[in-house]
Structure formats: C-alpha cells, structure tokens
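Single-structure report; data block below.
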Amino acid sequence: MLKLHNLSRSYQTDNIETMALDNVNIEIKKGEFVAIMGPSGCGKSTLLNTIGMLDNPSAGDYIFAGENVAGYSEKQLSEIRKKSIGFIFQNFNLIDELTVQENIELALIYHKIPAAERKQRVEKVMDKVGIAHRAKHLPNQLSGGQQQRVAVARAVVGDQPMILADEPTGNLDSAHGQEVMEMLQQLNAEGTTIVMVTHSPAHADYARRTIHLFDGHVVNENVRAA
Amino acid sequence: MFRNYLITAWRNIIKNGIFSVINIFGLAVGLMSCILIMLFVRQEIGFDSWLTDSDRLVRMHTSYSMPNRDKFETVRSAGSMMPAIRDYAKNEVETGVRFIQFGITVRKGEDAFAEQATMVDSSFFSLFDLPFVQGSKTSSFNKPMDLIITERLALKYFGRTDVIGETLTICCVSDNTSEVAITGVIKNLPDETHLNTEMIVRLQPLLFSEDDGTLHTWTSLNVYTYFKLKPNVTMEQFQQRIDYWMDNESPLRDMFDNNETVTDFVQQRLMPVPDLHLNAKQHAGNMGDLTPMGDSNMIRTFIVVAGLVLLIACINFMNLSTAKASKRAREVAMRKVLGASRTQVALQFLGEAIAIVILSLMFALVAVEIVLPLYNELLGKTLELRLFSDPALLLSLLLVAILVGLGAGMYPAFYLSKFLPGQILKSTKSVESKSSTKMRSLLVVFQFSISIILVISTLVVYGQTVFSNNINVGYQSDNKLVLNVRPARENLASLKQELLSLPEISSVVYSSEAPTQDDENNNYFKLLETHSDGTANEQVLLNYHNMDFGFFEAYKVTPIAGRLFDENYGSDEINLVPENSSEPGKGSVILNETALKELGFTSAEQAIGKTLAHEVRGKQHLTIVGVIPDIYFRSIKFDVRPTAYTLNPTRLRAASLTFSTDDISSLLNKIELIWKRNVPMQPIELEFLSEMMKAQYNDEVTTAQLFLVFSLLAVVIACLGLYGLSAFTVERRTKEIGIRKVMGASVRDIVSLLIWQFSKPVAIANILAWPIAAYAMLSWLESFPYRLSELWLIPICLGVGLLSLIIAWSTVGGNAAKVARKNPIKALRYE
Ligand SMILES: Nc1ncnc2c1ncn2[C@@H]1O[C@H](COP(=O)(O)OP(=O)(O)O)[C@@H](O)[C@H]1O
Ligand SMILES: [Mg+2]
C-alpha cells in the first residue's frame with residue numbers, strides 16, 4: 001500500500017534544526033493494522049501526518065499506491081488524500097458550529113457526491129457507530145466518547161481504504177477508549193488499512209504490528225503472531 | 001487604578017495592531033468628514049448673524065399671485081414701499097433702507113474697471129453698522145455725494161487705505177463721467193454675508209441714467225428693502241402691521257375691487273436678515289439675490305451625510321470591539337474575580353473607547369488641516385480651522401468625541417462587562433455567542449446599506465449634471481464668444497464691422513440677451529384674430545427677447561414653419577411709436593413652440609401671418625412670421641417658457657461671436673484691441689458661451705463632487721471594517737478551515753466559503769438600499785423639469801450592487817486566501 005524510503009522531516013525554528021523524522025524506512029501493506037508507539041516528541045504525529053499527506057517530507061521517498069508522492073503539489077496530494085485516507089484525531093477536531101450529522105457529511109461534501117446519497121451514507125455510519133439518536137446535536141452537547149465516535153464515523157463514511165488515527169483514545173476514559181478500539185478492529189476486519197498512534201500498550205495490542213519510534217528513528221518493530 | 005486602566009487601554013491598542021489601526025483610521029476619517037462638513041455648514045448658517053442687532057434686521061420680499069397669471073416672486077420690492085411702510089409702522093420700525101445694485105466703471109489712467117456699486121438711502125449705516133477703517137458712520141455719510149469704499153478697493157486704486165479726500169473717476173449709467181471724493185473706508189466684508197457691497201453711494205436721481213422711476217413706483221420691483229425693528233418687536237407683529245396697511249391704507253388698494261383683499265394678490269413678506277442666505281431662495285422665484293443664495297436642503301443633506309459617515313466608523317468600532325471581546329474575556333473575568341463590579345468594568349471599556357476616539361480626533365484635525373486647501377478650492381470658499389481661537393469649536397469637537405466614544409463604546413462595554421467569570425475561567429472554548437455574530441452581520445448590513453445609498457445617490461446626482469450638460473439645447477453653442485456691448489451702444493455698427501474683418505470670426509450677431517443670460521423679460525401679448533373654433537383670446541404672458549438679423553442663423557436654429565427674420569422683407573424691424581400714438585407700431589415676431597401652444601394654435605402653419613398685440617412704451621402690432629422649436633435659452637433647471645422673439649435695434653446688449661481658430665489667446669487679444677478702439681475707457685466683458693453654460697450647473701457639480709468624496713470615504717471606512725472583521729473571522733475559523741481541508745476541501749472551496757459568508761450581508765444590504773435610494777433620488781429628480789430617465793436607476797443600482805460585491809470580495813479575499821493556503825496540521829495541532 002505504501003512505502004517510506006529514507007524519509008526525513010526536519011523543522012527549522014530559530015536557527016535550531018529539529019529532526020522530527022530521520023531516515024525512516026517503513027512499508028505498510030494493504031489491510032494491515034499498525035500501531036506506532038514512542039515517547040512524546042519522538043515524531044509519531046509527524047510520521048502520521050506525512051503518511052496522511054498533510055505534511056511534506058524534507059528528504060526521501062514516499063511511495064503511495066505505486067506512485068512517489070514526495071514531490072507532489074498540495075493540490076495533487078489533496079486529491080489522493082481525499083480518495084484514500086480518513087483521519088481520526090486525539091482532540092476529535094469536530095466543527096463546533098455544525099451538528100453531528102453535518103460534521104460527518106463534511107467528509108463527503110468535497111467529494112461531489114449527490115445530497116441524497118450523502119444523507120443515506122451518513123445515516124448508515126451513524127447507525128454503525130451508534131450515534132444516530134444524537135444526529136442533530138452540536139459537538140459540545142456530547143461526551144468525549146460520543147464525540148470520538150462521530151469522528152470515527154466521519155473517517156469511515158468516505159469509504160477510504162486507509163484510516164490514520166493519532167492517539168484516538170488519548171482523551172478518553174478506558175471504557176470509551178476500548179469502544180473506539182473495537183470499532184477500529186472491526187473496520188480492519190472489513191479490510192481497511194489502519195495506522196494508529198497510541199501510548200497505551202493495551203490499545204497497541206489490537207494492532208498486529210507495532211513500530212517503536214525514538215528521536216525520529218524507528219528503533220524496533222514487533223509483529224504479533226496472528 | 002486609573003493608571004492601570006490607561007496601561008491596559010494602551011497595551012490593547014498596541015496588541016490589537018491592525019484592528020486598532022482600522023478603528024482609529026476609520027474614526028479619524030469619519031471625524032474628518034464631520035469636521036469638514038461642519039466647517040462648511042457653520043459658515044452657511046452663520047451668514048449675517050455677526051451684524052450688529054442682526055436679530056432686528058429684516059428684508060421685505062414681494063410676491064404677486066394674480067388670477068390667470070404665473071406666480072411672480074422676487075426678493076426685491078417696489079421703490080415707494082419702504083418710506084411708506086416706515087412712516088406708517090412707526091411703533092414697530094426704527095428705520096429702513098433701500099438698495100439698488102448697479103454696475104459702474106471706474107477709470108484710472110488708461111484703464112477702466114467694472115465695479116459693483118450699492119446705492120442706498122442715508123439710513124444705511126443705522127441698519128448695517130459696518131466697521132469703519134477711515135472716517136465714521138456719522139461723519140462720512142451725511143452729504144449727497146459721499147462715497148464709502150472697502151479697504152480692498154482702496155488698496156486696488158491707491159495702494160493704501162487712508163484715502164479720504166482722494167477721488168475716483170466714475171462713469172455711470174448715464175455716460176457722464178464724474179469725479180467723486182471718497183469720504184470713508186470700511187473693512188472688507190467677511191465671506192459670511194449676503195451683502196456684496198464694495199462701494200456705497202447715496203440714492204440720488206443724478207446717478208440714474210434713464211429715469212429715477214425705480215424709487216417712485218408701487219409696482220416695479222427693483223430695490224432691496226430692509227427694515228430695522230424696534231427692540232422687542234417681533235417680525236410677526238411687523239408683518240401683521242404691513243398686511244393691515246396693504247389691505248386698508250396702501251395705494252395698492254385702488255388696484256383691486258372693494259370686496260377683494262389686497263394681500264390675496266400681492267404679498268410683502270418679511271425674512272430675518274440672518275436667514276436670507278439659506279432661505280431667500282424660497283421667496284426668490286426665478287430671480288437672484290445680491291450674492292449667490294445658499295441651499296438649506298443641501299445643508300441638511302450634508303449634515304446627514306456627515307452623521308452617516310461617522311456612524312459607519314462607529315459601527316466598525318462596535319463590531320471589532322465585540323469581535324475581539326472573546327480575547328479579552330479572561331481579563332474581564334480576572335478583574336471581576338479580583339473584585340471589580342460590572343459598572344467598573346463597563347466604565348473601563350467606555351473610557352477606552354473615548355481614549356481611542358480622542359486619539360482619532362487628533363489625527364482627524366491634522367487631516368483636516370491637510371485637506372482644507374483642496375476642500376476650499378472645491379467649494380470656492382475660504383474656510384479655516386481656528387481651533388484655539390475658537391473655544392466653541394474646540395468644545396463642540398470634544399463633545400462630539402465623547403458622544404462618539406459613548407455611542408461606539410456603549411454596546412461593547414455592555415457586552416464585555418456581562419461575562420460571568422466562572423463560566424469563562426473554566427472553559428477553554430471561545431465565549432463567542434451566536435447572537436453577537438448575528439449582531440455583527442446586522443451592523444455590516446446596515447453599514448453597507450448606507451454606503452450603497454450614498455453611492456447610488458452620488459451617481460444619480462452626477463448623472464443629472466452630465467445629462468444637463470449634454471442635453472440638446474436646440475442651438476449651436478460651440479465656438480461662441482459672448483461680448484457685453486451695453487457700453488458700446490453708439491458704436492455697434494463699427495464694432496461689428498471691425499470684428500467681422502478678423503479672419504477667425506465668421507459672424508457677429510446682436511441680441512438683448514445671449515443664451516444663459518436671462519432677464520425675466522415678460523410681457524402680455526394678445527392674439528388679434530379669433531381662432532376658428534371661436535375661443536376668446538386671453539392676454540398671454542410671454543417671455544421676450546430682442547435681436548438683430550442673423551441671430552438664429554448664427555445659432556443654427558431653423559424654423560419649423562414660416563421664416564426667420566430677413567432684412568430683405570423690410571418689415572421685420574419693430575417701428576416704435578410714441579406712447580400716446582393712436583396708430584400701433586408694426587413689426588414681426590417669431591414664436592417658439594411653447595408660445596404657439598399657449599396662444600391656442602394647434603399647428604405652426606396656423607400661426608403664420610396672424611397678429612400679436614403688445615405694449616411696451618407704445619402699442620405694437622406684430623405679425624407672426626415664423627415658429628422655431630423650443631430652445632433652452634436659460635438653464636434647463638427651469639422649463640422652457642413660451643417666448644416671443646422680436647427685432648428691436650434699441651435693445652441690443654450682447655454680441656455673439658462665432659469663431660474658429662487654433663490660437664484662442666491671439667484672437668482674444670485682437671478682439672480686445674478692436675474693443676478699445678471702438679469703446680474707449682470701458683472694460684471689456686468677453687466670455688465663452690460654453691463656460692457660461694457650464695457655470696449654470698456649478699452648484700450641482702460642486703454638490704455632486706462633495707457627495708462623491710464623502711460617499712467614497714463612507715465606502716472606504718465600511719470596507720476597512722469588513723476587512724477587520726474578515727481577518728478576525730478567519731482567525732476564529734482557522735481550526736474549522738483546517739478540518740475542512742483535511743476532509744478534502746480545496747483552497748477554492750475555502751475561499752468561496754469565506755467570501756460567501758461576507759457576500760451575504762452585502763447582498764442583503766443592496767436589497768435594502770436599492771428601494772430607499774431609488775425613492776430618494778426619484779423625488780430629488782422631480783425638481784428638474786428635464787431629468788435623467790428613471791430607467792437609469794436600474795443599471796445604476798445593479799452596477800453599484802456588483803461593485804459592492806466585488807469590493808467585498810477583494811476585501812475579504814486576501815484574508816481568505818491566506819488562511820486557505822495554510823497547512824491544516826498547524827491549525828489542528830494547537831488549540
Ligand atoms: N511545526 C513544527 N515546527 C517546529 N517543530 C515541530 C513542528 N511540529 C513538530 N515539531 C517538532 O518535531 C518533533 C516531533 O513532533 P511530533 O511529531 O509532534 O511528536 P509526537 O507526536 O511524537 O509527540 C518535536 O520535537 C516537535 O517539537
Ligand atoms: Mg503527537
């Protein structure tokens with residue numbers, strides 16, 4: 001599905017160069033469930049954003065579905081991203097002014113999908129994540145677990161083959177965290193590739209493969225037997 | 001504590017950067033507009049109130065409303081009225097004075113200068129206590145030939161002001177030159193007066209050329225009449241006294257039947273002298289006054305415009321302060337936690353608002369100083385900002401600043417002080433409520449509605465002046481010079497001959513008036529033949545002009561029936577007969593189409609050969625030889641009147657010269673040389689007809705230009721506000737935009753989302769503004785008999801609408817594009 005080859009990402013702030021990712025080589029196959037772990041500031045989010053094409057690598061290659069997208073323009077990346085990748089964030093990132101339903105629909109609005117079909121698909125995913133009874137509520141009227149379920153729904157409604165989740169359980173209590181993990185597991189079982197950043201070894205256990213990052217380097221990789 | 005407030009206020013101004021600049025700049029421009037307009041308004045409404053006892057000075061105007069005749073109004077009166085009324089109303093009136101304004105020629109060495117003289121009764125200085133520089137009102141003006149001049153004239157003729165005893169060589173209307181000794185010098189009159197007195201002489205028959213009947217008439221309206229009321233007498237009391245006298249005792253009583261009330265037909269109306277400049281227009285009919293009359297409607301309009309511009313700036317302030325409020329919520333909460341009451345917090349914000357307004361006021365004053373010369377040039381005025389020698393102005397400006405500060409600061413202060421500390425300190429979310437966002441949109445709609453109304457009005461006013469300037473006046477006005485030949489009465493033939501010998505000049509024609517010169521010559525004409533349907537012929541009031549052969553040909557006017565005046569017929573020229581002659585004088589007359597209708601003809605051909613009876617110093621029977629189309633002899637601000645054109649060589653006062661040349665100045669020199677040879681010792685008065693025509697619309701053009709300037713300023717301020725608001729919105733919506741981008745929104749999607757948010761209020765503003773502007777402008781246009789078609793309002797409204805949207809887009813677009821291009825992860829990373 002994707003392959004990072006000698007990929008680096010550095011940030012320049014006040015003459016200090018931070019190597020957020022340093023010569024990273026990772027390959028992720030279609031249908032995998034990968035967890036990324038490591039201490040704060042080691043580059044996990046940078047890695048995920050790079051994979052999600054929200055960020056550009058400073059050096060190295062990024063082969064996505066057979067194309068090297070490292071040098072692509074923002075517009076080209078946005079097209080690929082739209083088709084292929086859904087996102088879930090630690091802080092949910094729902095739009096406060098939009099209802100649950102509208103927030104989910106947002107993932108379809110920019111895909112030129114007719115309104116009727118959008119409505120149908122949104123209703124379907126709302127059922128799936130069990131938030132249908134809150135369709136008309138605003139995000140700040142929901143609990144954290146409910147908000148994250150909305151975010152999951154938004155990530156899957158577009159039917160993209162890959163979902164990137166940056167600490168999806170970071171702001172949730174353990175019960176709600178587990179709920180989200182089970183949803184991700186279910187999605188993976190249905191064929192969606194999932195790459196997830198987490199601090200929780202328990203949640204990492206849902207993944208078949210765990211990549212450990214330290215200071216921008218991949219230091220270790222475990223593959224759990226099936 | 002106060003210091004603490006000052007510090008917070010100052011830091012906020014600095015911290016808010018662009019928002020402070022927008023607030024201060026907008027308010028400064030708003031205040032500048034206000035100050036500029038107020039300087040103008042103050043001068044306009046301050047006319048003549050500086051005169052001693054100005055509240056006791058009144059002028060008497062005359063209006064005639066005779067049955068079957070057009071109402072006739074003028075600010076002048078009949079010469080016999082003043083002494084009669086003064087002597088009758090002894091209890092009400094202290095004294096009265098009459099003016100006759102007349103042009104004279106002053107000679108100095110080889111040069112001749114045209115000056116305006118004011119001939120007045122000896123009581124003049126008892127009413128108008130003008131300050132003397134040399135002499136005094138008691139010593140300088142008590143003998144028949146006493147002459148008072150202004151400092152300006154003294155300097156012009158003698159280079160100094162102590163000129164008592166010096167003589168001026170004056171050539172009066174009656175051609176005889178006399179040496180008159182100067183007996184006093186007065187200060188120059190300020191701009192703020194309706195008087196235009198530079199040279200004051202006593203009313204005396206000696207100075208009249210034709211007859212002194214002007215002073216001894218009850219019906220010929222030639223003099224300006226003023227009265228000074230006794231203390232504690234109101235104008236209304238005096239008016240009642242005059243009306244009683246008119247109805248019961250005046251000689252006019254004899255002109256009417258016993259059962260008729262004189263004042264139903266002839267009114268002598270009073271007006272306080274300080275009101276003359278702005279209100280004389282209401283009594284003036286089509287006639288002028290001593291100086292150009294002001295326009296109270298225009299003054300009112302400009303006051304409204306000034307207020308609106310300021311209001312738009314205040315709205316910016318309110319909008320940006322409340323928008324920024326969420327950022328200051330924490331400060332408010334902390335102050336409250338530390339014990340501040342809501343009132344204290346509100347006062348703090350009000351104080352900040354007033355501080356900002358005062359800062360803006362200082363910038364505004366500097367700006368006024370900078371633009372004042374330009375403004376004066378535009379208005380043709382000499383307004384000054386004398387801040388420190390004028391405590392009233394300074395105080396009123398401070399008052400305005402405080403009022404504006406209160407007006408603009410009240411809502412934000414109320415809004416900000418409302419925050420409950422618990423709520424704010426606990427939450428990390430923005431405290432921005434839906435209602436305050438709505439309020440801001442409403443205010444933006446309001447701002448833009450006002451701006452759009454102003455711009456549409458400006459365009460209509462402008463359109464009307466363009467229309468007036470380009471209307472087909474019905475005659476050829478290009479390449480014409482108009483020469484005043486009044487002083488050349490004896491030399492018309494030689495003058496014409498010499499002028500025609502210039503190769504540049506193709507024709508020279510004489511007439512009583514040139515186009516645009518309108519003397520209100522009206523007279524009664526009666527058709528002698530009865531109409532075929534037997535309708536009785538009434539006397540009809542026609543405007544009339546005299547001319548020499550060739551006039552219409554020179555102006556390229558062709559008859560629609562009959563012919564123009566033609567020397568070969570030998571019968572066109574009026575042969576004048578003495579007043580008591582039984583045999584009428586004969587001659588020809590040409591009518592315009594309106595006169596044709598007025599006389600009851602249904603076709604032009606019908607009129608040819610018919611006879612009009614007419615009486616000016618002797619009876620005349622005039623044969624209608626031709627009918628011409630209506631031509632706009634005077635400003636199209638007025639209707640074309642029914643007009644009769646006759647051929648009377650004794651009444652020629654203007655020469656129209658048709659020329660063609662590339663070297664205007666050499667032509668003008670040649671004409672002047674010929675003038676000097678033929679009419680020695682008389683100043684030449686030569687003007688381009690095109691400029692005389694333009695001058696008719698000077699007022700409208702000035703109004704249009706002022707309107708344009710102030711409505712553009714309004715638009716600029718409104719756009720600044722919109723810019724600030726969009727910058728703020730974009731800041732507030734950064735996270736949302738980031739999310740949308742992650743969801744696949746393109747830069748274009750984001751930009752159009754934001755632009756739409758700001759187009760909506762502007763579009764609504766248009767929909768609100770159009771009908772209001774259209775209604776206002778349609779009623780304004782109604783005062784013009786010839787006006788821009790109403791249909792023009794459609795493209796103007798649509799054009800302004802589109803323009804307002806484009807302006808809004810380009811204002812918002814920059815901010816929108818900036819945020820749309822931002823990498824979304826930055827927005828999502830940090831909350
Ligand atoms: N926009 C940025 N500008 C500068 N430095 C950044 C930026 N984003 C991340 N970094 C730095 O890159 C490193 C990796 O950050 P990040 O990927 O967010 O770590 P993690 O998600 O593992 O906590 C950190 O040292 C961080 O300070
Ligand atoms: Mg992170």
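Bear in mind the structure is a predicted one, so any value in this text is a computation, not a measurement. Residue numbers start from 1 in every chain, and the chains themselves are labelled A, B, ... in the order their sequence lines are given, proteins ahead of strands.
The OG atom of B:Ser746 lies 6.5 Å from the NZ atom of A:Lys82; values are rounded to the nearest 0.5 Å. Residue A:Arg81 holds its CZ atom at 7.5 Å from NZ of B:Lys741, rounded to the nearest 0.5 Å. In this structure, CG on B:Asp749 lies 9.5 Å from CD1 on A:Ile109, to the nearest 0.5 angstrom. Summarising the geometry, atom CD1 belonging to B:Ile737 is positioned 9.0 Å from atom CD1 belonging to A:Ile95; distances are rounded to the nearest 0.5 Å.
Looking only at heavy-atom pairs under 4.5 Å with chain B, the residue among A:Lys83, A:Met53, A:Arg154 that has the most is A:Arg154. Among the candidates A:Leu94, A:Ile85, A:Asp166, the residue making the largest number of heavy-atom pairs closer than 4.5 Å to chain B is A:Leu94.
Counting heavy-atom neighbours within 6.0 Å of A:Gln120 CD, excluding the residue itself, gives a total of 12 or less. Within 6.0 Å of CZ in B:Phe25 there are 12 or fewer heavy atoms belonging to other residues, nucleotides or ligands.
Closest approach of A:Glu97 to B:Glu736, counting heavy atoms only: OE1-OE1, 4.2 Å. Nearest heavy atom pair, residue A:Tyr110 against residue B:Arg740, reads OH-NH1, 3.0 Å. Residue B:Gly744 comes nearest to A:Ser78 through the heavy atom pair O-OG, 4.3 Å, listed as atom of the first residue, atom of the second, then distance. What you find for B:Lys735 and A:Asp96 is that their closest heavy atoms are NZ-OD1, 4.1 Å.
Contact of the A:Phe89 side chain with the B:Val742 side chain is registered, since non-hydrogen atoms from C-beta on lie closer than 4.5 Å.
For A:Glu74, the part sitting under 4.5 Å from any heavy atom of chain B is the side chain, from C-beta outward, and nothing else. With a 4.5 Å cut-off on non-hydrogen atoms, B:Arg733 does not touch chain A at all.
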